[in-house]
Every structure is written in C-alpha cells, then in structure tokens.
Amino acid sequence: MESKWKKYRHCLYLLYIPVYAVWFILLEKHVTENYWVSYVPFDDKIPFVPAFVVAYVLWYPYLFGTGLYAMARDAAAFRRYMAYTIGTLSTCLFICTIFPNGQNLRPDLTGRYDIFSRLIALLYAADTNTNSLPSMHVVGSVGAMLGVFDLTRKKWLRAASVVLCVLICASTVFIKQHSILDTLAGFAVAAVFALPVYGRYFAKRKKEERLAAK
C-alpha cells in the first residue's frame, strides 16, 4: 500500500485544477468594468486573422495532453511540469486579482459567416475580454513545450512542439484575444519560472549526457 502511494502521490498535483478553475471563474465574474485597458498602438497594426483560432484552441489538448502523458510515464517530469504550471498560472491570476485588466480589441463579427469567425464568436462568448495580462495561453504553451523537451529526445517531436507553441502564442494577437502587451508579459512570467524549474535541470542533464558520451 505504501509503495503504491509513493508511486502515485505525484498525482496530488491535480488538486490544483479546481483551485485554478474557481479562482479564474471568480475573476471572470467580478472583473467586468473599471479595468485597466491593455493596449499599445502596435496592436492596431496586427491584422485580424480568423484562421489562427485553430491554433488558439489547440492550447487545451496541448497543455492537458502533455500533463497527462507526463503523469502516466514520468513522475519527476510531471512534478516539474506542475511546478511550472502552478507557479505561472497562479502568478497570472494574482496579477489580475490585484490589477484588474482587460483589452478592447475584439472586432465586430457581424456579417462574418465563415467557420473560423463563428468559432471565434463562440470563444468570445465563453471567455470575456478581461483578465488578459499576462496571457495564460502564452505561459501554458511555453510550459507544454518545455514539458515535451523534458519527456522526449526525439527531434521531430521537439520541433513540432516548438512550432505549435509559436503558433499558439501568435494566435493570441491574431484573433484579437490579447494585446501584444499581454503576450510579452506572458513570456516574462514564463521566463521567471522556466529558468529555475527547467533551466538548471536541462543544463545538468546535458552535462551528464556529455560525460556519458566520453
């Protein structure tokens, strides 16, 4: 019984999911007006590209798929993944709690009947334009990419993960779900946690691989 507990105790990190969900929902309900508007003039130069919504929604399977695979196959990698995820997402939520913010970049979708615009309309209806800075899509995508690098050494999988991460991060501004400020703030938060959680670990692993190759 004790050995089973040790084998699966890393799954307790999943208890963070309801904590995150409740915190996020409360923010969405209470931050509806009198928020700081995230905007720079450069946002107006970024075109609205509805097709990028495909990349945007891929964030969900990318994030959860990486986490579930790590949980099932590599407990240590899962702990690193969750340490990063809990740290970054909690930081984003904390910032939005003490500094209510949002963006007013969403275009009028009236008269647009293509499948991508319809999907964006559903997304806009489900997710408000508030609590946008830092972008949780950015911090989550970077975390999933690092998680894939942690789990596999296959170059094609790593390359695919980098491409997907870049596309998801780009989608945040191309479907006008975020200002470029939100995206940049997301990268800043990601860096703060990626360096201590993954940076030293990857450096140590690379050093061990070089020594083993000698």
Restricting to pairs with a member in residues 154-175, which pass side-chain hydrogen bond (donor to acceptor under 3.5 Å, both in side chains), not counting sequence neighbours?
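Only Y62-S161, T172-T183 qualify under side-chain hydrogen bond (donor to acceptor under 3.5 Å, both in side chains).
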Applying side-chain contact (heavy atoms from CB on, under 4.5 Å), name anything that partners P196, two or more places apart in sequence or on another chain.
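Counting only residues at least two positions away or on another chain, P196 forms a side-chain contact (heavy atoms from CB on, under 4.5 Å) with R200.
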For D74, give me all partners under side-chain contact (heavy atoms from CB on, under 4.5 Å), at least two apart in sequence or on another chain.
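In terms of side-chain contact (heavy atoms from CB on, under 4.5 Å), with neighbours along the sequence ignored, D74 is linked to A76, A77, L151.
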According to salt bridge (charged side-chain N to carboxylate O under 4.0 Å, His left out), who are the partners of R205, at least two apart in sequence or on a separate chain?
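For R205 the salt bridge (charged side-chain N to carboxylate O under 4.0 Å, His left out) partners, ignoring immediate neighbours, are D150.
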Backbone of T85 reached by a side-chain donor or acceptor of T88 within 3.5 Å:
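Yes; judged by distance alone, with no hydrogens or angles, the pair exists.
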Does S38 use its side chain to pair, donor to acceptor, with the backbone of L133 at less than 3.5 Å?
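Such a contact is absent between S38 side chain and L133 backbone.
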Residues forming a ring-ring contact (aromatic ring centres under 6.0 Å, His included) with Y13, sequence neighbours excluded:
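Scan of Y13 (ring-ring contact (aromatic ring centres under 6.0 Å, His included), adjacent residues dropped) gives none.
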With sequence neighbours excluded, tell me which residues meet ring-ring contact (aromatic ring centres under 6.0 Å, His included) with Y84.
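So Y84 forms no ring-ring contact (aromatic ring centres under 6.0 Å, His included) with any residue.
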Linking Ile, Leu, Val, Met, Phe, Trp and Tyr through side-chain heavy atoms less than 4.5 Å apart, which residues share a cluster with V22?
L26
Under the ring-ring contact (aromatic ring centres under 6.0 Å, His included) rule, what pairs show up with a residue in residues 99-122, not counting sequence neighbours?
W36-F99
All pairs passing ring-ring contact (aromatic ring centres under 6.0 Å, His included) where residues 165-198 contributes a residue, at least two apart
F52-F174, Y198-F202
What pairs with Y16 under side chain to side chain donor-acceptor pair (under 3.5 Å), at least two apart in sequence or on another chain?
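Side chain to side chain donor-acceptor pair (under 3.5 Å) list for Y16, sorted by chain: S90.
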T97: which residues meet the side chain to side chain donor-acceptor pair (under 3.5 Å) condition with it, sequence neighbours left out?
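Scan of T97 (side chain to side chain donor-acceptor pair (under 3.5 Å), adjacent residues dropped) gives W23.
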Side-chain donor-acceptor pairs under 3.5 Å in residues 136-149, sequence neighbours left out?
from : atom 1 : to   : atom 2 : distance (Å)
H137 : NE2    : Y56  : O      : 3.0
S141 : OG     : H137 : O      : 2.7

